[in-house]
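Presented below is the structure to which this report refers.
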Amino acid sequence: MPLIAGNWKMNGLAADLDQAQVVAAGVGAASTARVVLCPPATLLARMATVLTGTPVLVGGQDCHDQPRGAFTGDVSAEMLADAGASLVIVGHSERRAAYGETNATVAAKALAARRAGLEPIICVGESRAERDAGRAIDVICAQVAGCVALPLAAGAFAIAYEPIWAIGAGLTPTAVEIAEAHAALRGALIDCAGGRGAAAPILYGGSVNPGNAAEILAIADVGGALVGGASLKAADFLAIVHAA
Ligand code: 13P
């Protein structure tokens with residue numbers, strides 16, 4: 001079953017919760033996709049409440065690797081779970097770039113998610129310069145090797161392939177490039193996590209919209225989508241869900 005995840009990033013106030021309700025009404029109990037919305041932490045508990053009894057799950061956008069402590073401003077995986085989250089995004093390129101998160105940081109966060117019973121969505125992706133230098137596949141496979149620690153294989157997790165240059169840019173790789181990346185990631189996942197690595201969905205993210213979702217979701221080994229901008233409008237996000 002494909003996983004369609006909406007990453008609201010630093011967008012969304014209480015007034016926007018109605019978008020989540022519209023998504024839930026449109027997804028329906030017979031949906032062929034798993035659907036998750038990842039609002040900012042301030043909205044997570046309230047969104048979980050309005051989505052109670054619907055098939056739409058709620059996820060976090062990041063977590064600390066420790067369960068509690070003197071980490072001003074941070075939120076732990078346990079806190080996300082307590083607020084109603086089922087999943088959490090870790091290692092998004094915006095966090096790697098803005099907060100210096102390394103593969104080791106991301107690996108620790110993914111294990112923290114596992115500890116709290118959350119399904120981590122671990123993001124990987126190359127820069128434009130890395131792709132132009134012919135290094136995209138090496139970079140993303142090294143990120144998987146560095147972020148997917150073996151204990152993770154005890155539970156469900158997902159990978160999101162998000163080329164940094166495609167995020168928010170209206171640009172996407174070609175279908176051939178996406179297929180090549182996902183095939184390479186599958187091999188790297190099996191090397192790191194065996195059977196769980198073979199089963200983990202590999203989402204594509206980066207300028208997914210209602211116009212390109214069906215084509216992208218039909219590519220071999222694309223197990224869903226991680227959607228940024230287009231997840232903020234219920235109608236656009238639902239169109240992507242229905243393309244799955
Ligand atoms: P866009 O869909 O806005 O390109 O964002 C993708 C993304 O970063 C999702 O995590």
Side-chain angles (χ1 to χ4, degrees), residues 2-12 16 19-20 23 33-41 43-44 47 57-63 80 85-99 101 106 109-110 113 118-128 130-131 136 139-140 143-144 147 157-175 177-178 181-182 185 200-217 219 222-244:
L3 173 60
I4 308 294
N7 176 8
W8 279 17
K9 306 190 180 183
M10 199 174 76
N11 297 288
D16 301 302
Q19 293 297 303
V23 168
R34 289 173 72 210
V35 181
V36 56
L37 285 173
C38 302
L43 278 187
L44 207 145
M47 186 180 283
L57 302 171
V58 175
Q61 298 178 8
D62 175 50
C63 65
L80 296 174
S86 305
L87 300 91
V88 60
I89 298 165
V90 294
H92 193 283
S93 60
E94 288 156 10
R95 294 203 60 85
R96 292 180 189 254
Y99 301 98
E101 293 192 5
V106 178
K109 291 181 175 203
L118 300 178
E119 181 176 338
I121 302 174
I122 302 165
C123 300
V124 301
E126 82 284 359
S127 66
R128 182 75 249 176
E130 288 163 342
R131 177 158 285 277
V139 166
I140 61 178
Q143 286 176 325
V144 164
C147 297
F157 67 95
I159 295 289
Y161 169 53
E162 297 207 305
I164 297 167
W165 51 273
I167 294 174
L171 300 170
T172 59
T174 66
E177 288 169 337
I178 294 175
H182 283 232
L185 289 170
I202 306 174
L203 318 185
Y204 169 78
S207 295
V208 177
N209 62 49
N212 62 20
E215 188 195 353
I216 289 172
L217 290 165
I219 296 169
V222 172
L226 182 52
V227 184
S231 72
L232 295 173
K233 285 197 192 130
D236 287 354
F237 190 58
L238 276 173
I240 295 167
V241 169
H242 292 143

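Positions are given from 1, in the same order as the sequence printed here. Both ligands and their constituent atoms are indexed starting at 1 by order of listing.
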Within ligand 1, which atoms have a heavy atom of E162 less than 4.0 Å away? 6 (C), 7 (C), 8 (O), 9 (C), 10 (O)
I need the atoms of ligand 1 closer than 4.0 Å to a non-hydrogen atom of G206, numbered in the order shown. 4 (O), 6 (C)
Ligand-residue contact atoms, ligand 1 with N7, heavy atoms, under 4.0 Å: 9 (C), 10 (O)
Here the atoms of ligand 1 under 4.0 Å from any heavy atom belonging to G229 are 1 (P), 2 (O), 3 (O)
Is there a heavy atom in S207 that sits closer than 4.0 Å to ligand 1? yes
Which residue and non-hydrogen atom of the protein lie closest to atom 2 (O) of ligand 1, and at what distance in Å? G228 N, 2.8 Å
Residue and atom name of the nearest protein heavy atom (relative to atom 4 (O) of ligand 1), distance in Å to one decimal: G168 N, 2.6 Å
State the CG-CG distance between L3 and L87, to the nearest 0.5 angstrom. 6.5 Å
Does R96 come within less than 4.0 Å of E101, counting only side-chain N to carboxylate O? no
Shortest non-hydrogen contact between I122 and A110, atoms and distance: CD1-CB, 3.9 Å
Contacts of E162 meeting side-chain hydrogen bond (donor to acceptor under 3.5 Å, both in side chains) (sequence neighbours excluded), chain-then-number -> H92
Atom of P173, atom of A166 and distance for their closest heavy-atom approach: CD-CB, 4.4 Å
Logged contact type for I167 with ligand 1, heavy-atom cut-off 4.0 Å, is both
Look at ligand 1 and say whether A230 reaches it with a heavy atom at a distance under 4.0 Å. no
Any side-chain donor paired with an acceptor under 3.5 Å for Y161 and E126? yes
For L226, the ligand 1 atoms with a heavy-atom partner under 4.0 Å come out as 9 (C), 10 (O)
Please report the interatomic distance CG(L203) to CD1(I4), rounded to the nearest 0.5 Å. 7.5 Å
